[in-house]
Amino acid sequence: MRGSTMSERVARVLVPQAGKCLFDYRVPDMHPMYRGQLVRVPLGRRRVLGVVWACDPEPEVPPERLKPIAEWWDDWPPLDPVLLDQIAFASDYYLNPLGEYLAFVLPPALRRRKRQVALAAVTDGAVGEHATGENTASQRRSEPVVTTPGPRLTAAQARAYAQLTAGPTGFDPVLLFGVTGSGKTECYLRLIAETLAAGRQALVLVPEIGLVPQTTTRVVARFPGARIGVWHSDLNARERQHLFAALVQGAVDCLIGTRSAIFAPMPRLGLILVDEEHDASYRQFEGAPYSARDLALWRGKAAQVRVVLGSATPSLERWWDSERGRIRRVTLAERATGVPLPTIELLPVTREAPRTAGLVPEAWEALKETLARGEQALLFLNRRGFAPTLYCAHCGWVQECRRCSVRMVYHRVDSRMRCHHCGWSIAVPEVCPTCGNGGLSVAGQGTQRLEAELHAAFADHGVVRIDRDACQTAAAFAALRKTVARADAKLLIGTQMIAKGHDFPALSLVIVVGADAGLLAAETRATERLMQQLLQVAGRAGRSGQPGRVLVQTRYPDHPFFQQLVAHDYAAFANTLLTERKRLALPPFVHQALLRADAPRLEVALEFLTSAKATGEAMREQHAHGHAVRLLDVVPLRIVRLAGRERAQLVVESPNRAALHTFLRAWRERLLQWPQRQGLRWRLEVDPLDA
Ligand SMILES: Nc1ncnc2c1ncn2[C@@H]1O[C@H](COP(=O)(O)OP(=O)(O)OP(=O)(O)O)[C@@H](O)[C@H]1O
Ligand SMILES: [Zn+2]
């Protein structure tokens, strides 16, 4: 302790807000004070909930001029130190204010409530939405967790499980590379069992809210009576607050959640599982940016626990880490049910080929046969709406978004044109606004059109469409998923929403209606994403019973990409891609950051970026490791206008992560000091996905 008398103690408190978020307060005589303690403090005219970030820091003003802490939440345990360090790390790494990461931790409702009320709420036993009826007030459970027996592990699973647990104690990052349907979940359940038996907590991350129920059901069935928490964006205020209170007290044995669950207090953390680790949903770009998958690795290291990243199609970054021995790789090469992986066949599509509802005759026949056998079929089309283009055949006018440089999509369900980028919508125009022609035409195919066309032929089989328009809430999705799992609906039409992670036993045929757009896209990660998507959707077929069949319609059947797809050879694909990335010095062989700017007019954004680049170049010269950093050209984004703002960017990269970060920090400080320009906004993005 610094300072001469007890009465001069100071607490530096972190509050959950953007901008300045650390403030000093006077601490009364002899009051016990710990890092991580919850406190309510006066801030302007408000009183806000925060955490003690540092005890007795060098105060910026004399302690006697500081305000006292308003309310001590002494009956609450402090937040766990690893979580506090994680907040500090995220803020430092993603170059974003600390307080915004604390906002992920503290439920908004709790910030407004009195501490007694809030804590009392915990003792009624609900944890998230899956109340197990247990009293959650006790930290550690006194009784051991009951585990119901699971299926006997297959030989491959047993081998994988032995490898998974053979690593060192403490931090042990493992990539579980298991083909779709290989029974990775069974391995997770065994790992969770072990963790719970040791009296520790397991954190299970899934990429999407839609996957939470399936995972939760399996965990609850395996560990009846265990305190299972569920964390996602659809929890109501009360549920979030209960869950948080339970978590702070260590009264949750296993937490299942989407990406922000990585910010859950887990004082007895013993295991982190990241399912479908390649999934882009683990990244957040809006607001405070982070990658839940990368933070999972960071937290695992800080907490000294095992981290298992599971996927049939790992991200190239993690694949590369496993290739060079940075993380261990455990492989599951066969399906757990003994059914072979589905065969993938390519169906060439030409402009002239006859098609029914967008399907070539072979696909149409296969669909008919599958449904006639009473099995399920899934048509994968990653484009929602009815048709992506509305145009005038007379003058060539095309309906574009007024605010974005993209076409609007025709939605027949409610007869509107929608922008899939900014959400703006208008009624479908009856005549062409330029030439007055009355018969506007549509081109292209979206899920609604496919649904309408197939409904005519297969209405008796139950046709369901599963995309963001059809299920706007988690509950709506859960209900649809149940219908599908029970096989009440036989013909499914879906976007990537249905492609990943789900286990639908009756599904035997998958038709990829169109995937070529992804192959031609310009983004670095487009092919990687497409392969992941196609192998994932293919993986839904034939998971039990008969082997599945996957038909992929494409204009480019000879493309090497499709050859690797047909062979189910993700390892070969990943290695080919790595060789190419290495040659082109692209991630993971270089670390990148992005300076993005937008303004009502493109010139303003370009001008800002050009001077930022000049400043950066000059700083590079002065900098010790500056030579390791490279600033690329200032370029407008492919979709220049978004929601009325025009956008451009500048990539900064380096093979050396530390050099890049040192540069970014200094550069950012300089940019922050620049005068505000009219209507300009900018942000630095570390590890961008689509540079
Ligand atoms: N040891 C086992 N014996 C029998 N069936 C098993 C076994 N392990 C898993 N299964 C079954 O195999 C199917 C696929 O398992 P699971 O859903 O865990 O696969 P996965 O590897 O997670 O697949 P994906 O990557 O596609 O999500 C499930 O229906 C599951 O019940
Ligand atoms: Zn728009």
Side-chain angles (χ1 to χ4, degrees), residues 149-161 164 175-192 204 206-208 210-211 213-215 217-219 221-222 273-279 308-314 330-342 378 385 388 399-409 416-426 485 487 498-507 510 532-545 547-548 550 568 570 598 639-647:
R152 245 180 80 114
L153 292 184
T154 63
Q157 276 171 324
R159 220 176 309 120
Y161 182 67
L164 281 170
L175 176 64
L176 177 57
F177 173 47
V179 297
T180 52
S182 57
K184 294 185 284 296
T185 313
E186 195 50 46
C187 294
Y188 300 154
L189 290 168
R190 309 271 163 147
L191 291 169
I192 296 170
V204 183
V206 296
E208 258 179 39
L211 285 166
Q214 175 175 300
T215 307
T217 307
R218 284 187 179 178
V219 172
R222 185 62 56 89
L273 301 174
V274 183
D275 195 22
E276 315 289 354
E277 71 83 31
H278 63 278
D279 202 292
V308 177
L309 309 173
S311 179
T313 54
V330 172
T331 304
L332 271 172
E334 304 151 21
R335 285 202 155 169
T337 49
V339 183
L341 279 170
L378 165 65
Q399 177 75 62
E400 291 192 342
C401 176
R402 201 172 58 191
R403 312 167 64 211
C404 309
S405 40
V406 297
R407 292 178 179 181
M408 292 184 92
V409 178
R416 292 189 77 77
M417 300 299 299
R418 274 215 170 78
C419 173
H420 285 186
H421 289 262
C422 74
W424 187 55
S425 79
I426 53 169
I498 199 68
K500 45 185 149 182
H502 297 284
D503 195 32
F504 299 134
L507 183 64
V510 168
Q532 289 166 345
Q533 217 167 56
L534 294 185
L535 281 177
Q536 289 292 341
V537 70
R540 298 314 109 209
R543 288 167 77 91
S544 64
V550 180
H568 286 274
Y570 190 78
D598 61 74
I639 296 171
V640 172
R641 196 151 29 84
L642 186 80
R645 303 182 61 89
E646 302 194 322
R647 314 176 299 159

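All ligand and atom numbering here is 1-based and tracks the order in the structure. Computed from heavy atoms alone, side chains included, the values below leave out hydrogens, waters and symmetry copies.
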(request) Pull out every atom of ligand 1 sitting under 4.0 Å from any heavy atom of Arg218, numbered as shown with elements. (result)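 Those atoms are 16 (P), 17 (O), 18 (O), 28 (C).
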(request) Can you sort out which atoms of ligand 1 are near Arg540, meaning under 4.0 Å from one of its heavy atoms? (result)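 Once the distances to Arg540 are compared, the set is 26 (O).
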Using distance alone, decide if ligand 1 has a nitrogen or oxygen within less than 3.5 Å of any nitrogen or oxygen in [X].
X: Asp503; result: yes
X: Thr337; result: no
X: Ala336; result: no
X: Gly183; result: yes
X: Ser182; result: yes

(message) Among Thr180, Asp279, Thr313, which residue satisfies the side-chain hydrogen bond (donor to acceptor under 3.5 Å, both in side chains) criterion with Gln536?
(response)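 Of the listed options, the one satisfying the test is Thr313.
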(message) With a heavy-atom distance limit of 4.0 Å, tell me whether Arg335 approaches ligand 1 through its side chain, its backbone, both, or neither.
(response)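 Neither; no heavy atom under 4.0 Å.
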(request) Check each of Arg540, Arg335, Arg543 against Pro342 using the side-chain contact (heavy atoms from CB on, under 4.5 Å) test, and report the only one that passes. (result)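 Only one option passes, and that is Arg335.
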(request) Could you confirm whether His420 has any N/O/S atom lying under 2.8 Å from the Zn ion (ligand 2)? (result)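 So His420 does not count as coordinating the Zn ion (ligand 2).
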(request) Please find out if the Zn ion (ligand 2) and some N, O or S atom of Cys422 are separated by less than 2.8 Å. (result)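 So Cys422 does bind the Zn ion (ligand 2) by this criterion.
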(request) Look at Glu276 together with Lys184 and state whether they make a salt bridge at an N to O cut-off of under 4.0 Å. (result)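 So Glu276 does not pair with Lys184 through a salt bridge.
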(request) Identify whether the distance between the nearest side-chain nitrogen and carboxylate oxygen of Glu400 and Arg407 falls below 4.0 Å. (result)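 No, this pair does not count.
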(message) Can you report which non-hydrogen protein atom sits closest to atom 18 (O) of ligand 1, along with the distance?
(response)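 In this structure, atom 18 (O) of ligand 1 has Thr185 OG1, 2.9 Å as its nearest protein heavy atom.
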(request) Considering only non-hydrogen protein atoms, determine which one is nearest to atom 27 (O) of ligand 1 and report residue, atom name and distance to 0.1 Å. (result)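 Among all protein heavy atoms, the one nearest atom 27 (O) of ligand 1 is Glu276 OE2, 3.5 Å.
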(message) So, taking the atom named CG in Leu211 and the one named CG in Asp503, what distance separates them when rounded to the nearest 0.5 Å?
(response)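 If we round to the nearest 0.5 Å, Leu211:CG and Asp503:CG are 11.0 Å apart.
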